[in-house]
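Throughout, protein chains are lettered first and strands after them, A, B, ... in sequence-line order, and every chain is numbered starting at 1.
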Amino acid sequence: DIQMTQSPASLSASLGETVSIECLASEGISNDLAWYQQKSGKSPQLLIYAASRLQDGVPSRFSGSGSGTRYSLKISGMQPEDEADYFCQQSYKYPFTFGSGTKLEIK
Amino acid sequence: QVQLKESGPGLVQPSQTLSLTCTVSGFSLTSYNVHWVRQPPGKGLEWMGRMRYNGDTSYNSALKSRLSISRDTSKNQVFLKMNSLQTDDTGTYYCTREFGVRRVFDYWGQGVMVTVSS
């Protein structure tokens, strides 16, 4: 199985601050990487797919980058509504696997 | 619009079988793949398995011996059955729709919380 190592586990940011979350795959996943946001008590919501493509309706302050085994999610200008858990997920090979998550809080 | 909704018992006794239903609307099960994903309380997400648009299934090898996914296209429903439940099977179970060549999950159900306890 492809292991997805996500860091950091938790992060605290001030409003307006830029934050980054990283995912490292145990093997190359050819940009088959998605990022999801999960607010407390809610279902995950797709933010980014194909490593860098913004899902319809997602604010442009969210962006994704990376290739091969290393990928990152950036939030340019933290907003109150961005407080949530974030997960990466590879869909390159079955079983699909997720990162362990990053808890993002407002400082 | 696209919707998925999970239903099933909130409480299951250890060693018993879990049966969940995902009822979908706004799309056809013969055109899209539907997956099951679960999440233990306060923890991360685990992919469980998939019902393909053509009826084929795929399972997480860690669960394969206990898990079965089926469907009824006439009722727009996908079913999950998992036997020999233990306390670490406690969590929220989601069904989700797969979209596109990148196989991302673009719509999720609200989830159903399942507690395994006597």
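- Sparse packing is recorded around CZ of B/F99, with 12 or fewer heavy atoms of other residues, nucleotides or ligands lying under 6.0 Å away.
- Counting heavy atoms from C-beta on, the side chains of A/T18 and A/I75 never come closer than 4.5 Å.
- Under the 4.5 Å side-chain criterion, counting only non-hydrogen atoms from C-beta, A/V58 is not in contact with A/I48.
- A salt bridge is defined here as a Lys NZ or Arg NE, NH1 or NH2 lying under 4.0 Å from an Asp or Glu carboxylate O, and A/R61 with A/E17 fails to meet this definition.
- No side-chain heavy atom of A/L47 sits less than 4.5 Å from a side-chain heavy atom of A/L54.
- For a residue to count as touching a neighbouring chain, one of its non-hydrogen atoms must lie under 4.5 Å from one of that chain's; by this rule B/V101 does not touch chain A.
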Hey, can you dump all donor-acceptor pairs under 3.5 Å between chain A and chain B, distances included?
| unit_1 | atom_1 | unit_2 | atom_2 | d |
| --- | --- | --- | --- | --- |
| A/S30 | O | B/R102 | NH1 | 3.0 |
| A/D32 | OD1 | B/R102 | NH1 | 2.6 |
| A/Y36 | OH | B/F105 | N | 2.9 |
| A/Q38 | OE1 | B/Q39 | NE2 | 2.9 |
| A/Q38 | NE2 | B/Q39 | OE1 | 2.9 |
| A/Q38 | NE2 | B/Y94 | OH | 3.2 |
| A/S43 | OG | B/G109 | O | 2.5 |
| A/S91 | O | B/R103 | NE | 3.2 |
| A/S91 | O | B/R103 | NH2 | 2.6 |
| A/S91 | OG | B/R102 | O | 2.5 |
| A/Y92 | O | B/R103 | NH2 | 3.1 |
| A/Y94 | OH | B/R50 | NH1 | 3.1 |

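- Contact of the B/F79 side chain with the B/L20 side chain is not registered, since no non-hydrogen atoms from C-beta on lie closer than 4.5 Å.
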